[in-house]
Amino acid sequence: MKSPLLTLPGAVPAEGVDEGVAAHYGDLFREQRALADGTGFVDLSHRGVVTVTGDDRLAWLHLLLTQHVSDLPAGQATEALILSANGHIEHALYLVDDGETVWAHVEPGTQDALIAYLESMKFFYKVEVADRTADIAVVHLPAGSIAEVPEGAAVRETPYGRDLFLPRADLEAYAGQAGPPAGILAHEALRVEQHRPRLGFETDHRTIPHELGWIGSAVHLQKGCYRGQETVARVQNLGKPPRRLVFLHLDGSEVHLPVAGTELRLADDGPDGRKIGFITTSVRHHELGPVALALVKRNVAVDAPLVAGDTAAAQEVVVEP
């Protein structure tokens, strides 16, 4: 979906997964500072929107998701995963129930596969699943924002801000009153600062929730059975995940950021050392400078200096080894 807000002054289109919205509007650091101060908004209208309605919606989703949602109060935001039979992460849902409908936004382009899975699991439950991406746009307001929320809009209130589900036809009008726009790059910079993983960025085909710190926030350990639960319980009770998420402070003297996929090595081993991890997301932060999220092997010492390609990197623990 191509956002109409790409016509705003200074808008530079994003590329890759985030194609369809603005990467920035001409001043990346100004946009980051605005979000950090609780002003402005982020156009996330490229994200998929899925709804579930019907009397059984919460009880049914409770059987499929990693999160405890059977008694989810109306208006309370949560997040949840769908795992493979082997416990690998397949989908991440950011959802809220408004009392009649569960609203969820998901990574761009993943809604079709998600809906296909949900449809295959309906059986006799009284639920209806719908793809609302074509008519509903997601807008993010940062924490502390006093921007008005349109009447009737579903809202996910989180510690990081509010996600609004707005009619796509109202997006331009809302942008005109919501304050200065910030691009997806500013949103990503704050996400990295907050150590929040993102499906398809911090995950690959074998990622399990423990590696990214999703236990608790997206995975409930005391709920009933769901696909992949055996792996979650086994790792939680008997072992440790093979990898762990880390936050990296990168050498600020380098001109170029190490891109996603850049191999990590121990600095003491030199350029020919063995690979011990890789960059998942790298950004330039308005206060911290160049920083990144990365996955490293669990047994890497938490204070070990690293090298990302040719760039020196210092670790900050996100997931305990």
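The model shown is predicted, which means the values in this text are computed figures rather than measured ones.
- In terms of heavy atoms, Val283 sits closest to Ala189 at CG2-CA, 3.9 Å.
- The pair Arg57-Asp97 meets the salt-bridge criterion, since a charged nitrogen lies less than 4.0 angstrom from a carboxylate oxygen.
- Counting heavy atoms from C-beta on, the side chains of Leu190 and His285 come closer than 4.5 Å.
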(request) Take Asp56 and Phe124 through the test side-chain contact (heavy atoms from CB on, under 4.5 Å) and record every step on the way to the result. (result) CA-CA 10 Å; Asp56 296 337; Phe124 55 85; 6.0 Å; no
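- Side-chain contact between Arg162 and Leu164: present, with at least one pair of heavy atoms (C-beta onward) separated by less than 4.5 Å.
- A salt bridge links Arg191 with Glu202: at least one charged nitrogen is closer than 4.0 Å to a carboxylate oxygen.
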(message) Evaluate Arg198 against Glu107 for salt bridge (Lys or Arg N to Asp or Glu O under 4.0 Å), listing each step before the verdict.
(response) CA-CA 9 Å; Arg198 183 177 172 188; Glu107 288 297 326; 2.9 Å; yes
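- Looking at Arg243 and Glu211, a side-chain N of the basic residue comes within less than 4.0 Å of a carboxylate O on the acidic one, giving a salt bridge.
- With respect to the salt-bridge test (charged N to carboxylate O, under 4.0 angstrom), the residues Glu90 and Arg227 qualify.
- Screening Val232, Ile89, Ile208 against Val219 for a side-chain contact (heavy atoms from CB on, under 4.5 Å) leaves a single residue, Val232.
- When ring centroids are compared, His68 and His62 come within the 6.0 Å threshold.
- When only modelled atom types and interatomic distance are considered, His220 and Gln67 share no side-chain donor-acceptor pair under 3.5 Å.
- Between Lys122 and Glu128 there is a salt bridge, since a side-chain N of the basic residue sits under 4.0 Å from a carboxylate O of the acidic one.
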